[in-house]
Amino acid sequence: MKKIETMKVVHAVLFSILASCTGIAADETEKQPNIILFLVDDMGWQDTSVPFWTEESAFNRRYHTPEMERMAAEGMLFTQAYAASVCSPTRVSLMSGMNAARHGVTNWTLRRNASVDAPHDILGFPDWNVNGLQPVDSIERSVQASLLPQILQDNGYFTIHCGKAHFGAMETPAANPENCGFDVNIAGHAAGGPGSFLGTENFGNSEKGGHTLPWGVPGLESYHGDSLFLTEALTREARKAMDKALAANKPFYLYMSHYAVHVPLHADPRFYQKYIDGGLPESEARYASMLEGMDKSLGDLMDYLEENGLTENTIVLFMSDNGGLSVSARAGQPHTHNRPLNSGKGSAYEGGIRVPMMVKWPEKVKPASKNDALVIIEDFFPTLLEMAGITNYETVQTVDGESFVPLLANPETKPSSRRLFWHFPNNWGPTGPGIGASSTIRSGDWKLIYYYEDQQAELFNIPGDIGEQHNLIQKYPQKATEMAKQLGSYLRSVNAQRPFLKATGKPVPWPDEVLF
């Protein structure tokens, strides 16, 4: 602790010297906080020892995430935070502030001009923006936007990308995060998963020191052949990048975007054996070890802040890009890995879209607080800019997100009547509950899912039925009709794309054109 206090004094002196040399008041300099956005890939709402529900679950008791517990004790936990059901739409919404229905990157991206939609017997799929998000308007089948890191960079931030990018297709500008406003890019490219988490396998690259498309992780050649796990390598590189920001005397934005806990499920040797010894099946132990490795990374970054006297002036945000993977049936129990939520990644059900979220902001956020307000991924765009004190900016896109900064000041904020929307006019490929082409609206306690294949809908009261087991559409047809109108109106207003019926070649009706 003495070292930490000494570092705080040193930083205070440096700020004072900077202020005297530049004429900027010291308290004005302090207004630019450092920001760490810690994004996990495919992490479910229950994949942690931190309960995000009203009660502890079996999964909360299975997993060991002490650093998440530490962050929850020091910050605010959001119980109703949402992302898209698959990765690229979430990441594009984060970078642009747009809802997926508007930006049109509605499925995951990889190769230029190539759709990843699986074939379907009944539906054909629209020409969605397969090339992802771009900083320019010259790339076909993409969406241009004024990007979050670019705005931060333009306003004095040292911007760091570390880990998974996956917001622009191969052979497009956004395949390289440095074209999107990041000063530093560590291991980010077009692919959405690693060929391997193992340094002994060169992180999926076929040759030591090389880069194998599309799945080999780039830029970590110094660790090839090493026994180091990918999560640890990224964390070490992130700490080095923050050192560069401090040397440049700039506030930093670290987008710590882990490849974990995406497939392939590789055992993190630091934690694997304890789960085997605890009786978990081998595949489940691998997954649990990956989660704990991710958790250690979070702790390592928070330790870095303490070691360098940065804790008080650094905001840390934690989020997942979609619900936890369930379709793989890791232990022979398909679609149950996110209980009490139904289904998982790719699904319109809560298991596919409800995710763990926390915010730690010293002196601004009450420690160990909880907030039940509705928050969605596009909200991070205006929120981070407000946190950074950036108000005078313009975007080429319409920003759908709403800043949740006001929610941070009031942990007792009640869920609002705000409407949230999801749009997935695609075919992910795997099958399971709630997985398929659909559009969804959440309004207050109510949620309506409209499926394009059969033009049927489901209505749920989420607080009363968090597992979405009881379709109330016949009991409350007026509520369903009301919400279908709201959903249809919104989709039209943002020029959302629809699947079409192969038999007729015509678009599937909007949700408010169907009688339920």
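Any value given below was found using the heavy atoms of this structure, including those in side chains, with hydrogens, waters and symmetry copies removed.
Minimum interatomic distance between Asn338 and Ser343 (heavy atoms only, all atoms of both residues): ND2-O, 3.0 Å. Minimum interatomic distance between Met76 and Asn410 (heavy atoms only, all atoms of both residues): CE-C, 4.5 Å. Listed here is the closest heavy atom pair of Thr383 and Ser403: OG1-CA, 3.2 Å. Heavy atoms only, all atoms of each residue included: Ala84 and Ile353 are closest at C-CG2, 4.1 Å. The two residues Met43 and Phe318 come nearest to each other via the heavy atoms SD-CZ, 3.7 Å. Across every non-hydrogen atom of Trp215 and Gly193, the tightest pair is CE3-O, 3.5 Å.
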Verdict with supporting geometry, Arg354 and Ile462, side chain to side chain contact (heavy atoms under 4.5 Å, CB included): CA-CA 12 Å; Arg354 189 186 283 219; Ile462 298 302; 3.3 Å; yes
Chi angles and distances behind the side chain to side chain contact (heavy atoms under 4.5 Å, CB included) call for His211, Phe203: CA-CA 9 Å; His211 182 209; Phe203 305 126; over 6 Å; no
Test side chain to side chain contact (heavy atoms under 4.5 Å, CB included) applied to Leu246 and Asn308, step by step: CA-CA 9 Å; Leu246 297 183; Asn308 290 277; 4.0 Å; yes
Full working for salt bridge (charged side-chain N to carboxylate O under 4.0 Å, His left out) between Glu67 and Lys296: CA-CA 7 Å; Glu67 302 303 333; Lys296 179 183 182 297; over 6 Å; no
Stepwise ring-ring contact (aromatic ring centres under 6.0 Å, His included) check, Phe271 with His64: CA-CA 10 Å; Phe271 308 105; His64 303 153; 9.6 Å; no
Stepwise side chain to side chain contact (heavy atoms under 4.5 Å, CB included) test for Thr48 and Tyr63: CA-CA 5 Å; Thr48 169; Tyr63 301 121; 5.7 Å; no
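No side-chain heavy atom of Val92 sits less than 4.5 Å from a side-chain heavy atom of Thr90. The side-chain heavy atoms of Met302 and Lys360, taken from C-beta on, include a pair separated by under 4.5 Å. Side chains of Leu472 and Trp446 form a contact here, defined as non-hydrogen atoms less than 4.5 Å apart. Here the side chains of Phe381 and Glu386 are not in contact, with every heavy-atom distance at 4.5 Å or above. Contact annotation: the side chain of Asn426 never approaches that of Val86 to less than 4.5 Å [non-hydrogen atoms, C-beta and beyond]. Using a 4.5 Å heavy-atom cutoff, the side chains of Glu468 and Leu341 are not in contact. The shortest distance between side-chain heavy atoms of Val316 and Leu301 does not fall below 4.5 Å. You'll find the side chain of Phe167 stays beyond 4.5 Å of the side chain of Ser96, heavy atoms only.
Looking only at distances, a side-chain donor or acceptor of Arg286 sits under 3.5 Å from a matching main-chain atom of Leu265. Judged by distance alone, with hydrogens and angles left aside, the side-chain atoms of Thr440 form no donor-acceptor pair with the main-chain N or O of Ile449 at under 3.5 Å.
Checking His470 against Asp465 by side-chain atom types alone, no donor-acceptor pair falls below 3.5 Å. Between the side chains of Gln46 and Arg62, not a single donor N or O lies within less than 3.5 Å of an accepting N or O. For the residue pair Thr65/Glu292, the side-chain donor-acceptor check at 3.5 Å is not satisfied. Glu458 and Tyr349 share a donor-acceptor pair across their side chains, judged by distance under 3.5 Å alone. Between the side chains of Thr159 and Asp183, at least one donor-acceptor pair of N or O atoms lies under 3.5 Å. No side-chain donor-acceptor contact under 3.5 Å links Glu306 and Thr311. Counting only N and O atoms by type, the side chains of Thr79 and Asp372 include a donor and acceptor under 3.5 Å apart. Side-chain atoms of Glu56 and Asn60 form no donor-acceptor pair, as typed in the model, at a separation below 3.5 Å. No side-chain donor from either of Thr231 and Ser297 sits under 3.5 Å from a side-chain acceptor of the other. For the 3.5 Å distance criterion, the side chains of Asp268 and Ser289 fail to qualify, holding no donor opposite an acceptor.
In this structure, Phe229 and Phe197 have parallel ring planes: the angle between them is below the 30° cut-off, well short of the 60° mark. Relative orientation of the His120 and Phe125 rings is perpendicular, given thresholds of 30° and 60° on the angle between their planes. The aromatic rings of Tyr255 and Phe182 lie parallel to each other, their planes meeting at an angle below 30°, with 60° marking the opposite boundary.
For an aromatic pair to be called close, the ring centres must be under 6.0 Å apart, and His166 with His189 fails this. For an aromatic pair to be called close, the ring centres must be under 6.0 Å apart, and His337 with Tyr287 fails this. Taking the six-membered ring for Trp and the full ring otherwise, the centers of Tyr82 and Trp422 sit less than 6.0 Å from each other.
A salt bridge between Arg239 and Glu307 is present, with a side-chain N of the basic residue lying under 4.0 Å from a carboxylate O of the acidic one.
Between Trp128 and the choices Asp117, Thr109, Thr106, Asn107, the side-chain hydrogen bond (donor to acceptor under 3.5 Å, both in side chains) rule is met once, by Asp117. Evaluated for a side-chain contact (heavy atoms from CB on, under 4.5 Å) with Met256, the options Leu39, Leu234, Ile186 yield exactly one hit, Leu234. Results of the salt bridge (Lys or Arg N to Asp or Glu O under 4.0 Å) test with Lys345 over Asp42, Asp47, Asp41, Asp321 single out Asp42 as the only residue that passes.
Between atom CD1 of residue Ile36 and atom CG of residue Leu317 there is a gap of 9.5 Å, rounded to the nearest 0.5 Å. Atom CZ in Arg442 sits 12.5 Å away from atom CG in Leu448 (nearest 0.5 Å). Here CD of Glu282 is found 15.0 Å from OH of Tyr275. Values are rounded to the nearest 0.5 Å. Ser257 contributes atom OG, which lies 12.5 Å from atom CE of Met319 (distance to the nearest 0.5 angstrom). Between Asn371 atom CG and Phe404 atom CZ the span is 10.5 Å, to the nearest 0.5 Å. Considering CG of Asn99 and NE2 of His103, their distance stands at 6.5 Å, rounded to 0.5 Å.
For Asp243, the side-chain hydrogen bond (donor to acceptor under 3.5 Å, both in side chains) partners two or more places apart in sequence, or in a different chain, are Tyr304. Applying the side-chain contact (heavy atoms from CB on, under 4.5 Å) test to Pro214 and every residue at least two apart in sequence or in another chain returns Leu110, Arg111, Met170.
More than 12 non-hydrogen atoms from other residues, nucleotides or ligands lie less than 6.0 angstrom from NZ of Lys274. Crowding of Arg70 atom CZ: a count of heavy atoms from other residues, nucleotides or ligands under 6.0 Å exceeding 12. The 12-atom threshold is not exceeded at NZ of Lys366, counting heavy atoms of other residues, nucleotides or ligands nearer than 6.0 Å. In Glu207, the CD atom is not crowded: 12 or fewer heavy atoms of neighbouring residues, nucleotides or ligands sit closer than 6.0 Å.
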